[in-house]
Every structure is written in C-alpha cells, then in structure tokens.
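Remember, predicted model here, so these are calculated numbers, not experimental data. Any value given below was found using the heavy atoms of this structure, including those in side chains, with hydrogens, waters and symmetry copies removed.
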Amino acid sequence: MGGAVDGGGRGWQRAGVGRPNGRVTNALLLVALSLALLTGTGALAVGSAAGRWVVVSHGVLAVAVILLLPWKSTVVRRGLRRRRPNRGASVVLAVVTVATIVTGLAYSAGLVREVGGVLGMWLHVAGALTLVPLLGWHVLARGAWLRPADRSRRTVLRGAFVLGAAGLTYGAAEATTRLAGLPGARRRFTGSYEQGSFRPSAMPNTIWLNDSTPRVDRAAWRLTVVDGGGRRELDLATLTGHRTAPPATRPITRRATLDCTSGWFAHQDWTGVPLAELVTPRDGDRSVLIRSTTGYAVRLPLRDLRTALLATGVGGAELSPGHGFPARLVAPGRRGFWWVKWVSHIEVSRAPWWWQSPFPLA
C-alpha cells in the first residue's frame with residue numbers, strides 16, 4: 001500500500017482523487033477515528049458470529065487511520081512550527097493515538113498478550129477511552145472546518161479510496177497472520193484467545209469492575225424467582241436435581257462458549273436448569289432481570305429464555321467460588337459480562353431489556 005500513502009501523493013493522483021489538503025485530511029481522520037471508537041465499543045459487546053461485521057469494521061477503520069497518518073504528519077509538522085497554547089495536549093493526543101493503534105495491532109497478532117500483568121486488550125481499551133476527551137478537546141480547540149469548496153465529489157472519492165485501501169490492507173494483514181502462523185491466527189472473531197477450554201480449573205476467574213468473590217453459605221443460600229407464578233425460593237438441592245419433591249427441576253448439560261471482554265474465551269460443558277423452566281413470564285413482560293448476591297445485575301430479553309441456563313456445575317463438577325458457586329448464568333452468544341455469577345434473584349419485568357447501561361457501570 002506504499003503507493004497509496006507515499007509522501008509525493010502519487011497513489012492519490014493515480015486514483016484520480018488528488019492529494020488532500022490539511023482540512024480534508026483532518027476531516028477524514030476525524031471520521032475514521034470516531035467510527036473506529038464506535039465500532040470498537042460495539043466489538044466489546046459482540047458475542048455471536050452474526051455480529052462479526054462490527055469487529056471487521058473496527059479493524060478496517062483502524063487501518064484507515066494508519067493510512068491517513070502520513071498525511072496527518074504533514075499537518076502536524078506545520079502546526080508544531082507555530083507557537084500555540086496547549087500544544088502539549090496535541091502532542092499527547094498524537095502519542096495516545098499511536099499507542100492505541102500499536103497495542104491493538106500487537107494484541108491482534110498475538111505478539112503482546114499482556115504487559116506488566118495487564119492484558120493487552122485492556123491496554124488497547126484504556127488508550128481508546130483516553131482518546132475520547134482528548135479528541136473532543138482537539139476538535140473544539142483546533143478544528144479547521146471544511147470550506148464549501150472542500151465539500152465536493154473529490155472529497156467523497158478520497159474517503160472511499162482510503163476505505164477501500166484499508167479494506168484490502170486489513171484482508172492482507174489477516175492472511176499474513178494466518179500464513180505466518182502467528183498466535184493471532186488462533187484468536188476468535190471477537191479478538192479473544194482460548195484459555196481453559198474443557199478445563200474449568202484453568203479458566204480465569206475474571207470479575208467485572210467492583211465485584212469480588214463472595215462467601216456463599218450452601219445451606220442458607222436461596223434463589224428467589226418472581227414471575228407469573230408469584231414469588232418463590234429454591235434451594236441448591238432443588239436446582240441440582242437432588243430433591244424430587246415439587247418444585248423439582250431437570251438439570252441438563254449444554255456446551256457454550258464464555259467469551260470475556262478481557263480477551264479470553266473458553267468452551268465448556270455447563271450443567272444447570274434452563275431459564276425457560278424456571279421462569280414463567282406474564283402477559284406484557286418484556287425482559288428478565290438476573291441479579292447477583294453482590295448486587296451486579298443484567299436484564300435479558302425474554303427470547304433468551306430459550307437458550308440461557310442457570311448453571312450449578314461445569315465440566316462435570318460443581319462450580320468453584322470464583323466461577324460463580326452456587327449458580328451462575330450461562331448466556332450463549334453473549335459476552336462474559338452478561339454471564340452473572342453468584343445468582344440470587346431472577347425476576348420477569350415489563351421493562352424492555354435495553355433499559356440498562358450498554359455496559360455495567362459497577
């Protein structure tokens with residue numbers, strides 16, 4: 001792709017779009033960065049293959065940013081020659097942008113899985129989060145808005161050219177990763193790497209933000225269910241099928257993939273009770289709320305009752321405390337932050353499932 005981004009602009013000329021001026025370069029870079037941040041957020045939420053396009057789009061847009069950097073460097077060099085207030089903040093923005101791209105590329109290729117005990121995925125995410133306020137400040141303080149002459153067919157062609165070149169480069173990079181046998185070739189479409197499949201003891205005990213592993217008394221623990229049948233409490237013996245008196249349950253084993261936003265995934269055989277067997281929605285109900293003993297909670301759409309499982313075991317053994325004993329949610333096709341551990345409360349609700357933060361805040 002050197003011809004597309006060479007300093008003399010020959011690649012642009014051959015494509016018939018001409019070399020962009022500073023304002024157009026800034027505009028294209030702003031759009032690419034903004035969409036990369038947006039799709040990156042979506043990539044953290046995608047858990048099923050149907051959403052693969054979000055992850056691919058994020059990769060293509062990241063490459064588009066890289067292809068625009070040589071042109072942006074010309075703008076930066078001109079800006080550094082001027083004495084402007086807060087110039088240091090612009091330098092920080094440039095450094096954070098490059099660091100975010102480098103950590104993303106290194107993690108995708110599998111070359112850097114962690115640094116100082118911090119997973120590479122989180123380094124990339126931390127850089128992206130830092131970019132948001134810096135980019136907002138830069139646009140407001142230094143924005144050189146497009147002039148009427150810049151809003152032309154040629155500008156659109158320039159954008160399409162960058163996007164097309166980015167798509168080709170992304171595809172070539174993915175092929176190279178596979179042909180070279182790099183660790184990144186073994187990552188899941190979400191970007192996660194396998195860890196502990198069918199070996200529950202080797203699976204990480206990842207916990208969302210402020211949670212910590214609680215001590216749950218087996219004898220005292222009860223699952224509270226509130227649905228169309230009223231309110232009731234179930235003990236662990238009932239959920240594991242060791243109690244034959246009503247309300248008896250029928251545990252099953254279901255294979256599902258836990259894919260954590262920290263960048264790892266594991267295939268496991270989970271044993272538990274289908275949520276559809278535990279919960280009876282009322283007319284007008286639209287979601288089911290799953291709450292942990294720690295207070296952590298998510299709200300699932302009712303359609304997930306068909307596939308979700310309240311697991312009490314994994315790999316033929318009882319759940320460990322770190323993996324959610326006595327019961328955890330198994331939500332196939334959803335990322336790990338949906339898989340509530342230490343479940344203590346299930347309740348159907350008339351609120352829509354999306355009536356919650358896209359990502360848990362605590």
Side-chain angles (χ1 to χ4, degrees), residues 47-48 197-198 200-201 203 205 208 211 213-259 266-282 285-349 353:
S48 64
S197 286
F198 307 115
S201 61
M203 188 170 62
N205 294 333
W208 186 262
D211 264 358
T213 303
R215 293 184 177 180
V216 180
D217 186 318
R218 177 191 300 270
W221 178 84
R222 295 292 184 274
L223 172 69
T224 301
V225 179
V226 181
D227 63 1
R231 182 186 183 94
R232 60 191 182 281
E233 293 186 345
L234 306 175
D235 60 12
L236 188 56
T238 299
L239 291 175
T240 56
H242 292 124
R243 185 186 302 280
T244 57
T249 60
R250 297 171 295 172
I252 64 171
T253 297
R254 179 174 292 167
R255 183 164 295 179
T257 301
L258 173 55
D259 192 331
H267 307 301
Q268 303 291 357
D269 291 324
W270 305 89
T271 300
V273 182
L275 230 57
E277 186 175 324
L278 287 175
V279 178
T280 304
R282 303 160 298 197
D285 284 330
R286 302 168 67 186
S287 65
V288 55
L289 181 70
I290 316 292
R291 189 179 301 279
S292 169
T293 58
T294 65
Y296 181 90
V298 299
R299 191 181 295 275
L300 294 172
L302 287 183
R303 64 176 178 271
D304 280 20
L305 292 178
R306 300 192 303 269
T307 57
L309 191 75
L310 186 69
T312 54
V314 60
E318 186 177 75
L319 290 172
S320 67
H323 289 147
F325 173 83
R328 73 172 300 163
L329 180 67
V330 171
R334 294 189 178 274
R335 297 299 288 274
F337 63 86
W338 291 89
W339 295 45
V340 182
K341 297 181 181 180
W342 316 296
V343 175
S344 62
H345 188 95
I346 301 177
E347 182 174 354
V348 293
S349 170
W353 71 270

Colleague: Between Ala256 and Pro332, what is the shortest heavy-atom contact and its length?
Modeller: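 That would be CB-CG, 4.1 Å.
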Colleague: After noting the C-alpha distance and the side-chain angles of Leu258 and Met203, does the key distance pass the side chain to side chain contact (heavy atoms under 4.5 Å, CB included) rule?
Modeller: CA-CA 10 Å; Leu258 173 55; Met203 188 170 62; 4.0 Å; yes
Colleague: Indicate the atoms forming the closest heavy-atom contact of Pro326 with Leu319, along with that distance.
Modeller: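 Smallest interatomic distance, heavy atoms only, reads O-CD1, 4.1 Å.
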Colleague: Mind listing the closest non-hydrogen atom pair of Gly315 and Pro200 along with its distance?
Modeller: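 Shortest heavy-atom contact: CA-CG, 4.1 Å.
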Colleague: Can you see which heavy atom on Lys341 is nearest to which on Gly322, and at what distance?
Modeller: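 Of all heavy-atom pairs spanning Lys341 and Gly322, the closest is NZ-O, 2.7 Å.
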Colleague: If you round to the nearest 0.5 Å, how far is CG of Leu223 from CZ of Arg232?
Modeller: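 The distance works out to 8.5 Å.
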Colleague: Walk me through it: do Arg231 and Thr224 pass the test side chain to side chain contact (heavy atoms under 4.5 Å, CB included)?
Modeller: CA-CA 7 Å; Arg231 182 186 183 94; Thr224 301; 3.6 Å; yes
Colleague: Is the backbone N or O of Phe198 less than 3.5 Å from a side-chain atom of Gln268, with the two atoms forming a donor-acceptor pair by type?
Modeller: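 Yes; judged by distance alone, with no hydrogens or angles, the pair exists.
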Colleague: Measuring from Trp339:CH2 to Arg334:CZ, what's the distance to the nearest 0.5 Å?
Modeller: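 Reported to 0.5 Å precision, the distance equals 11.5 Å.
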Colleague: Val340 and Arg291: which non-hydrogen atoms are nearest, and at how many Å?
Modeller: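 Nearest heavy atoms, Val340 then Arg291: CG1-C, 4.3 Å.
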Colleague: Hey, are the side chains of Pro281 and Leu305 touching, using non-hydrogen atoms and a 4.5 Å cut-off?
Modeller: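 Side chain of Pro281 against side chain of Leu305, heavy atoms only: contact under 4.5 Å found.
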Colleague: Please find the pair of heavy atoms, one from Leu278 and one from Val225, that lie closest to each other, and give the distance.
Modeller: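 Of all heavy-atom pairs spanning Leu278 and Val225, the closest is O-CG1, 3.7 Å.
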Colleague: What's the separation between atom CH2 in Trp342 and atom CH2 in Trp221, rounded to the nearest 0.5 Å?
Modeller: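 Rounded to the nearest 0.5 Å, the CH2-CH2 separation comes out at 14.0 Å.
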Colleague: Give a yes or no answer on whether the side chain of Arg218 reaches the backbone of Leu236 with a donor-acceptor pair at less than 3.5 Å.
Modeller: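 No, Arg218 side chain to Leu236 backbone: no donor-acceptor pair under 3.5 Å.
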Colleague: Is there a side chain to side chain contact (heavy atoms under 4.5 Å, CB included) between Arg286 and Trp353 once you walk through the steps?
Modeller: CA-CA 7 Å; Arg286 302 168 67 186; Trp353 71 270; over 6 Å; no
Colleague: Dump the intermediate steps for side chain to side chain contact (heavy atoms under 4.5 Å, CB included) on His323 and Asn205, then the final yes or no.
Modeller: CA-CA 6 Å; His323 289 147; Asn205 294 333; 2.7 Å; yes
Colleague: Please confirm whether the backbone N or O of Asp259 pairs with a side-chain atom of Thr257, one donor and one acceptor, at under 3.5 Å?
Modeller: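 No: the side chain of Thr257 does not pair with the backbone of Asp259.
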Colleague: Please report the interatomic distance CG(Leu275) to CD1(Ile346), rounded to the nearest 0.5 Å.
Modeller: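 Answer rounded to 0.5 Å: 5.0 Å.
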Colleague: Just verifying a value: how many Å separate Trp270 CH2 and Leu329 CG, rounded to the nearest 0.5 Å?
Modeller: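 The distance works out to 10.0 Å.
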Colleague: Quick one: pull up CD in Glu277 and CG in Leu309 and give me the separation to the nearest 0.5 Å.
Modeller: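 With rounding to 0.5 Å, CD (Glu277) is 10.0 Å from CG (Leu309).
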